[in-house]
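As structure tokens, the structure follows; a few thoughts come after it.
All of these numbers come straight from a predicted model, not from anything done at the bench. When a ligand or atom number is given, it counts from 1 through the structure's own listing order. Numbers for residues simply follow the sequence, beginning at 1.
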Amino acid sequence: MSKKLLLKNAHIEGIRYFETYRKHGGYEAAEKALKMTTDEVLEEVKISGLRGRGGAGFPTGMKWSFLAKPEGVPRHLVVNADESEPGTFKDRYLMEFLPHLLIEGMLISSYCLGSNVSYIYIRGEYSWIPDILEEAIEEAKAAGFLGKNILGTGFDLEIYVQRGGGAYICGEETALLESLEGRRGNPRLKPPFPAVKGLWERPTVVNNVESIAAVVPIIDITGAEYAKIGVGRSTGTKLISACGNINKPGVYEIDMTITVEEFIYSDEYCGGIPNGKKLKACIPGGSSVPIVPANLLLKTINGEPRYMNYESLADGGFATGTMMGSGGFIVLDEDQCVVNHTMTLARFYNHESCGQCTPCREGTGWMYKILKKIENGQGKMEDIDLLWDIQRKIEGNTICPLGDAAAWPVAAAIRHFRDEFEWHVNNPELSQTQNYGIANY
Ligand code: L3W
Ligand code: SF4
């Protein structure tokens, strides 16, 4: 059984409210952190090995240590709650059921970074959650954990919740900052990174909800103890939102030592595939990461079991491996059609492209049109090569990672499931009425 750090109290009735949260040890980590120096808190986060839980897995302590500290310039912490990656809904769970865990994590992190005004930028579609967060903020303020001179330390902190307008691109950190400043959410060129020039050109740390929540158990049990959980550079626990063809969709906390097979088939997690169907493929880190066929998902190219962690999922590189990404775990059974699935994703990325760079603006639309043609039985063999060519021209040639995120699913689908694309081309009548998966298994 995986160790629980973030969700250990999630089952307690009323844990959403300050009184219950506090009764179960809430804000004790904050009290501990506020007695430490900011350097000591930073050191704990560094030692913990915590990596960003939003998708990139960048070391959190290193990001914090990059924060510029020019004299007299305010600094900010911005929590990225614009969780829009298809298949990803773990931050929603945290904010909805454990809002004080996020507020406490923000208090500790803001203290460490020297941010007196911090923000939560939340996706517009989570329309009911800002009220939950604002209520938690008010409760924390009434109890003296936010506002002026917190616990008599002289540290002040205000937290504001900003609702997004429902654009996926605003989850990209610089687009988020543009939107927070009141402009259209167009990504900025990096460098400069937000740690140097972020919100209103001030040094800013942008971190995912889960990353900031994880700071609470790190201070609670110490960075060294946190680093003992997990394996290698995949320390601590990770929230996984599991969906697709599984018996038990939901949000699970894992300790990154379990195998992919255990995660899919054990009753503790996904509980297997409905109706005894076979596993076809999986996208383990949200829609942007490469799809992996079952044989490469359960074993690495060296024949070792594949584990639910950053290194093992990426084993063999993108040609055979995939990525932990945001932990949005999507399972496809033998009846699913990869062409249809890839077309749906291509439509999404085309719709969400901000349009600033030509390869992404034009390429995503082009890929969607070709995939639709193939899916509808109107494709030619050369369309598959054209699709391959387009995705290659997008990858690495855009301002932000949305271009790569649109290219990778197409590349992986062709690499691993070219036979399905060819089936659609060779069976135009059938492909208009049924999918490859249903026709062939
Ligand atoms: C200062 C340097 N800071 C890097 C910071 C940077 C950022 C973090 C990671 O994209 C990925 C994307 C999605 N000085 C720095 C530095 N930083 N070098 O570190 O940066 P980066 O560029 O590796 O990634 P990113 O731009 O944050 C995130 C993928 O995650 N993804 C996520 C999708 C969406 C969600 C969601 O809805 N929640 O997660 C899934 O795979 O495709 O590749 O903070 O500033 N020298
Ligand atoms: Fe906009 Fe796409 Fe360029 Fe990102 S890659 S800046 S979403 S056009």
Note to self: For Tyr160, I'd like to know if atom OH has over 12 heavy atoms of other residues, nucleotides or ligands within 6.0 Å.
What the structure shows: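 Atom OH in Tyr160 is not crowded, with 12 or fewer foreign heavy atoms closer than 6.0 Å.
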Note to self: Does the residue Ser84 have a heavy-atom contact with ligand 1, meaning some pair of atoms that are separated by less than 4.0 Å?
What the structure shows: yes
Note to self: If we only consider heavy atoms of Glu83, is any one of them less than 4.0 Å away from an atom in ligand 1?
What the structure shows: yes
Next item on the list: Record the part of Ile169 in heavy-atom contact with ligand 2 below 4.0 Å; permitted values are side chain, backbone, both and neither.
Entry: side chain
Next item on the list: Taking the six-membered ring for Trp and the single ring otherwise, decide whether the centroids of Phe193 and Phe66 are under 6.0 Å apart.
Entry: no
Hey, looking at [atom], which of [options] has the closest heavy atom?
atom                    : options                        : value
atom 39 (O) of ligand 1 : Gly55, Gly54, Gly52, Ser326    : Gly54
atom 8 (S) of ligand 2  : Cys400, Ala175, Cys357, Pro401 : Cys357
atom 2 (C) of ligand 1  : Phe193, Trp408, Phe58          : Phe193
atom 6 (S) of ligand 2  : Glu172, Gln356, Arg188         : Gln356

Check: Any N/O/S atom of Cys360 sitting less than 2.8 Å from atom 3 (Fe) of ligand 2, backbone or side chain?
Finding: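 No N, O or S atom of Cys360 is closer than 2.8 Å to atom 3 (Fe) of ligand 2, so no.
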Write out the residue and atom name of the closest protein heavy atom to [atom], then the distance separating them to 0.1 Å.
atom                    : answer
atom 27 (O) of ligand 1 : Ala56 CB, 4.2 Å
atom 1 (Fe) of ligand 2 : Cys354 SG, 2.4 Å
atom 5 (S) of ligand 2  : Thr398 CB, 3.3 Å
atom 43 (O) of ligand 1 : Pro401 CB, 3.7 Å

Margin query: So, applying salt bridge (Lys or Arg N to Asp or Glu O under 4.0 Å) with Arg188, which one of Glu181, Glu172, Glu173 is it?
Written below: Glu181
